[in-house]
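Here the structure comes first, spelled out in structure tokens, and everything after it is commentary.
Residues take their numbers from the sequence shown, with the count starting at 1.
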Amino acid sequence: MSVFGEAALSAFLELLSAKLLDSVRNFLAGHRQVRQQLELWQSIFPEIKAVLNHAEEKQIKDEGVKNWLGDLQDLAYDVDDILDEFAYQELRLKLQKTQAQASSSKGGKLITALLYGVRSSQFSFMFNNKMISKIQAITDRLNSLNTRRSSLGLSEIMSQGATSMGNQPRLQPTSLMDGAVEYVGRANEKQEMLELLKSNNSDGVRVLSIVGMGGMGKTTLAQLVYNDPSIKESFDHKSWVCVSADFDAVNITKTILRSLDADSRDENNWNSLQVKLKEKLSEKRMLLVLDDIWNVSCNDWTILRAPFGAGTKIIVTTRLQNVSSNVDSVKAFYLDKLSHHDCLSIFAQHALKARNFDGHLQFKEIGENIVRRCNGLPLAAKAIGSLLRTFTDHSEWEKVYRSEIWDLPEDPCDLIPALRLSYHYLPPHLKRCFAYCSIFPKDYEFEEEEIILLWRAEGFLQSKAKIQGKGLGNQYFQDLVSRSFFQRSSEDKSRFVMHDLMNDLAQSVAGEICCRLEGEKQQKFSHRSRHSAYVIDDWCQSEKKFKAFYQMTSLRTFLHLKDPRYGELYISNIVLDDLLPKLSYLRVLSLGGYKIYDLPDFFEKLKHLRYLNFSRTRINRLPDSLCSLYFLETLILRGCSYLKNLPSKIGNLLNLHFLDIRGADSIERMPSRFDQLTQLQTLSNFVIGKGDGRLISELKNLSNLRGNFCLSGLENVNGEDAREAKLNEKLGIDGLELQWGTDLENKLWGVKFSSWIADSSLKNLSSLKLRNCKNCKSLPSVGRLPLLKDLSIFGFDQVQKIGVELFGENQLNPFASLEILSFERLPNWKEWDTCEGDEKVLKLPSLRELSIKNCPQLLGRLPTHLASLQKLEIHWCTSLVVSISSFPSLSELSIQGCAELVDDCSSPAKELSSLQTLSLFNISKFNIPADRTMLRFGNSEHFKIGVWQELASLSRHGFSLVGHRFIFVWKCPQLQSLEAEEAELQPDKISRVESLKIYDCERLNRLPQVLHELTFLTVMVIYKCRSLVSFAENNVPPNLKKLIIGQCENLEYLVDEKEDICNQLQLLEIYRCSKLSCLFSNTKFPITLKYLTIGGCPMLEYMAEEFEESACLESINISDSGIKSLPRGLDKLIHLQEIFLRSCSNLVSFEECGLLSTSFRAFVVESCGNFGALPKCMASITSLRRLSVRNCSADISFPSEGFPANLTSLAISNAPKIYRSLVEWGLNRLTSLQSLTIGGGGCSNVVSFPEKGIGMMLPPSLTHISLFQFENLEFMFSEGFQDLASLKVLEIFQCPKLTSLPAEKELLSLGYLNINSCPLLQKECSNDKGQEWSKISHIPFVRIDDKAVIPRESD
């Protein structure tokens, strides 16, 4: 049994009791035998529920009780499944009855009734007989559990609160700190808190709150502030109170009084306590810390703080955001993860009693790995560090690193109780929701809506109050966010993530009920598992990967989570045809992202389904049986671009709440009976097909629609029918998109919009998008919509003027809330009357973003006084003269393809200090004085300029390298220099430029003279600057770390003969510089260089004479170049990891020096026709993982010493001597080999692979085999494949005599088979006819002669 919690299990049993009551009352009223057994269940459940508190306590030490709870939980799920079947059949009969009545009203009344009666009676008989054995088995198990309950001595007790977990109460922290420890991190937060606490204020009590998950260091930060010496000078009194679970205002007040006066008499009268405290604090400055508050109401807080005056400052620490809100914090400090460096310091102090690992280098690598697992949680670093303090053996540290945090033998800092306490105090409904999230892998980022839909499908959103599913789910989700169980992603603020230790906690409390499959790793899979998600790290997923699911016959959740590394995925058809129909209790099925063309017709076997996700698949139709899923709530078809229609009987899905067809653009019309879907809350798109205009009226009954809604195909609808949809009555819709098609012949919509679009009843609308209304000449008066934040107008061909009709006639405060305004593709728009002369019209007070694109005839002025504008985009308005006005908040400006750029000289130019990004492209005329340019644009962080035909120098127009951090110059054909000849950096100006990129400036013949003064410059990229002869002369940026040069065809050398001119360079890449003859003319190689890549430089014969002793080089990659040899001293490169040599025809060999680096991982030499000898030391390089020798000298051979034993990837081709050496040496000796590529050029005597005569076995570790150009290869030797349990990819090319594959049993793990130019084998692998078809039909992806055979695209 997990520690799922008696509260969660109790809530589950309560839900089952309610379902039982419904079944007995309604559906089973006439089924006496079944009803009697269910009534028995109903009588036993309360007896069991009553002892759950006792069982929860006893299970800690009593294995029998633990097993009893596990069996009870298992039984509860089985009961739920049976009751679900009753409810399903009840719903089915109800639907049949409704349809029969509808049919009878149209005639054939008697026949319909007779048929319905026969079906019902037959079904009832079958239903009873089918279910009776299941019901009896449940009864027997329930009786057994009840008997065991008594024998285990379980009795009814009251819950003991926080201590009922079998632990003694934790010792609470005080204000005192450990003087032996140096506290790191949180310096910025501490400083800001001190400043706020010491500042004078006269506006009453000031409260600061520290919020974060357990173990994040809230109390430590409060201690650091509380004990800071400056606090003693600023306050007369200090008091520290640990509040914990119960917010007891009386005890808190008593504790404060005792801290002020240790001899004070204990007082129980509440009024006297408060009066006494007020007197003590009169005209005194007081700092109060209330540590670890779990709950406090606004009323209790108001009463508690009544005695405190303006001199009181309070620090509150809490895990809950709502506590921070209730205490009226003037500032909340939300603690995020500590940096790796700070966590490492905490860990080292507790594990080694040292600040770092300098004196303990043997533990450094493993210590850093352990700290990474702590994932920024300081308490975890402290706890595990303390645990390791007595361990002096490296293997013990390794053992701890491999362990789950919950399995550690000790917990000296109470890490586990600290985290589990958070779970313990969750209300029952949130416990189930949180535990369920254990199916998600660590670092998985999820959206709020995604989780809520899953919770609803699993039945977790249950409320006695009438709160709709998503509203309730949102409340649950935000509760978990506020309690720090979920945190916002640092990468994408719209997504959330669980801290690694919270994920561990979820797994711990969920136990075997929830499981997940990650790559090759399976966790806690058992027959009791009900919820499962999987992330398989293969793009082709064989049936073998899913073997574990066959034992989970009661599984409710089959959730595929896409690995972001892969695009389209492939899955074995056996999973679809055989496995899924067996999982008959599924409630959640997600197959999103798979390349599936046809769905099996299996939905009648999956009647419990609530959630279906087929997003981004290639299905072109949905089986009709899908419409028998009467419980289905969520159907996600997003990105199903091949799907042409929704099922015709979709009206049967009476419980459908959520339908997402965004990106399913092949759907041309909606089926009829959509008006039956009255539960629908989210409908992404409603498509009206040609001739179906009246179907829009089916939206009338969908009164629960909310969120974003798109109505497309409006060219097929007339205004009268449109009104029938009654969109203006759907107050839950806050984002509306109206789309017209491209049918210009259709005149159903006139030149003006219907008035309902700007109707006041759409007052809740926050987003409106109008697209492709080709006939309309004027826009609707949407300025009247008070909450509208986002307005987009796209593709209105006939609009010539936009003015007062958009704002609204006589509208006093139009667009009061508008934040984003976008116009695109208005080809005839000429004038925008912004009504700025009208005193009654306000000036778009909230507008943050304005975008105008592809409006080629637009003239005149844009709005000028936009105080809130942050982003302005004007692209391809080729007639427009853009005037740069004074936008005080502007942070991003992008102008492309306009007629002229001018400055509004009517007002003094002001520096745009807020400007972050400036992009100027394709401007026909730049007409801004240089001094005003400098003021307007001189300090933008990102400066991008391009496609400027006349630009010869930046400085002539007021642009400078000074002030910007990232500079990009592109396609300026007249540009000769970036600065004027005399330009120098002004003494008072410090250049901030970090990155300089120059593309396609063909006349640029030199780089700025001031390069050497750009001390922050670390990255330079130069492409297609054909006039450039050298990179730099005496002026290389001193801190340049990354240099990339490409297609500079006249570049002859990089730098002149000055020594150490590139003394910080770490990465150098040079491509297609046909005249480059030397890199460093002083023959010295930069010792800091780590990565060297050279390609397409035929004149470059050598790089340098010798590598330095202290060189840092890690990677050498040379291709299509004239290199004759590598510099001497390869054996000095102790950091060298890889050498890639490709298409270097002058290269014969390199000196026999020995590659001694223990870091050397990869050696690749390909298409170097004269390269004939590998280093003799090759076999001794135990670190080597990848070796590729392809298409070099035909006589190339491998050293007699043998092959590197630890290779994971080996590729050879046109090297018969190496192949023969490999065969004789023994390929099976490469026990770590994962990828094997062999080209058979010159191996005409090979007829089998592996060679049968030698009996050569392939290494069991292989995952990828590629064979090609074996002209006489006839068959694959199956015995050689028999141990390849991990083989995923098999590729066979250009083997004209090959007729067979290995035996089917050797290919069970295969995910991808690719056969090309093997005519005999191709014939044998043809569908249903070839003898080899049975061997490959289970493989997820089979390609033959560049054509996909499996999966086969639908006709």
Side-chain angles (χ1 to χ4, degrees), residues 19 21-31 34 83-128 130-131 456-457 466 468-469 587 601 603-612 622-635 645-659 669-683 686 692 694-705 724-726 730:
K19 285 187 175 182
L21 189 61
D22 287 344
S23 294
V24 171
R25 278 180 182 170
N26 303 327
F27 185 57
L28 298 172
H31 299 258
V34 177
L83 296 179
D84 212 45
E85 291 196 41
F86 292 161
Y88 175 85
Q89 302 302 346
E90 181 181 12
L91 197 56
R92 178 179 175 178
L93 291 174
K94 186 177 179 181
L95 185 66
Q96 285 182 343
K97 184 176 180 181
T98 302
Q99 291 174 348
Q101 289 172 342
S103 299
S104 67
S105 66
K106 298 178 182 178
K109 188 172 184 178
L110 179 60
I111 294 173
T112 302
L114 285 172
L115 288 174
Y116 173 71
V118 169
R119 283 200 303 270
S120 296
S121 59
Q122 285 179 338
F123 168 72
S124 299
F125 176 79
M126 289 168 60
F127 178 63
N128 270 331
K130 184 178 180 182
M131 294 299 298
R456 178 158 62 190
K466 289 191 175 180
Q468 288 187 322
R587 280 154 165 75
D601 204 353
F603 290 112
E604 287 184 347
K605 298 179 181 178
L606 303 176
K607 54 179 173 276
H608 297 273
L609 275 173
R610 267 83 167 168
Y611 176 105
L612 267 178
L622 293 168
D624 289 337
S625 64
L626 184 140
C627 296
S628 66
L629 301 176
Y630 307 131
F631 284 142
L632 192 66
E633 297 170 343
T634 297
L635 180 57
N645 296 293
L646 294 175
S648 59
K649 294 183 180 179
I650 197 170
N652 288 356
L653 304 179
L654 300 178
N655 281 300
L656 196 65
H657 285 73
F658 185 98
L659 176 58
R669 52 175 37 86
M670 304 307 266
S672 58
R673 294 190 59 222
F674 232 82
D675 56 348
Q676 303 296 306
L677 305 179
T678 54
Q679 298 297 315
L680 206 57
Q681 296 175 8
T682 299
L683 174 60
F686 191 88
D692 290 345
R694 295 186 64 83
L695 277 182
I696 194 173
S697 63
E698 297 208 349
L699 291 172
K700 177 171 58 178
N701 293 338
L702 307 187
S703 56
N704 292 315
L705 286 183
E724 285 297 306
K726 299 194 181 300
K730 300 179 189 351

Could you state the interatomic distance from [atom1] ([X]) to [atom2] ([Y]), rounded to the nearest 0.5 Å?
X      : Y      : atom1 : atom2 : value
Lys605 : Phe603 : NZ    : CZ    : 12.5 Å
Leu646 : Arg669 : CG    : CZ    : 12.0 Å
Glu604 : Ser625 : CD    : OG    : 5.5 Å
Leu91  : Tyr88  : CG    : OH    : 8.5 Å
Thr98  : Leu654 : OG1   : CG    : 8.0 Å
Tyr611 : Leu632 : OH    : CG    : 11.0 Å

Do [X] and [Y] make a side-chain contact, defined as non-hydrogen atoms from C-beta onward lying under 4.5 Å apart?
X      : Y      : result
Leu683 : Leu699 : yes
Leu626 : Leu612 : yes
His608 : Arg610 : yes
His657 : Arg456 : yes
Asn704 : Leu680 : no

Any sub-3.5 Å donor-acceptor pair from [X]'s side-chain atoms to [Y]'s backbone N or O?
X      : Y      : answer
Gln681 : Phe658 : no
Asn652 : Tyr630 : no
Arg673 : Pro671 : no

Quiz item: Between Leu695 and Ser672, does a side chain to side chain contact (heavy atoms under 4.5 Å, CB included) hold up when you go through it step by step?
Solution: CA-CA 7 Å; Leu695 277 182; Ser672 58; 4.3 Å; yes
Exercise. Quick one: do Glu85 and Lys607 satisfy side chain to side chain contact (heavy atoms under 4.5 Å, CB included)? Show the steps, please.
Key: CA-CA 8 Å; Glu85 291 196 41; Lys607 54 179 173 276; 3.9 Å; yes
Quiz item: Hey, would you say the Phe686 and Phe674 ring centroids sit under 6.0 Å apart?
Solution: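 So the answer is yes for these two rings.
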Self-check item: Qualifying residue, where the test is side-chain hydrogen bond (donor to acceptor under 3.5 Å, both in side chains) with Asp84 and the options are Gln89, Lys19, Arg587
Solution: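 Only one option passes, and that is Arg587.
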Quiz item: Taking Leu635 as the fixed residue, which of Leu659, Leu629, Leu609 is the one that meets the side chain to side chain contact (heavy atoms under 4.5 Å, CB included) rule?
Solution: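 Only match with Leu635 under side chain to side chain contact (heavy atoms under 4.5 Å, CB included): Leu659.
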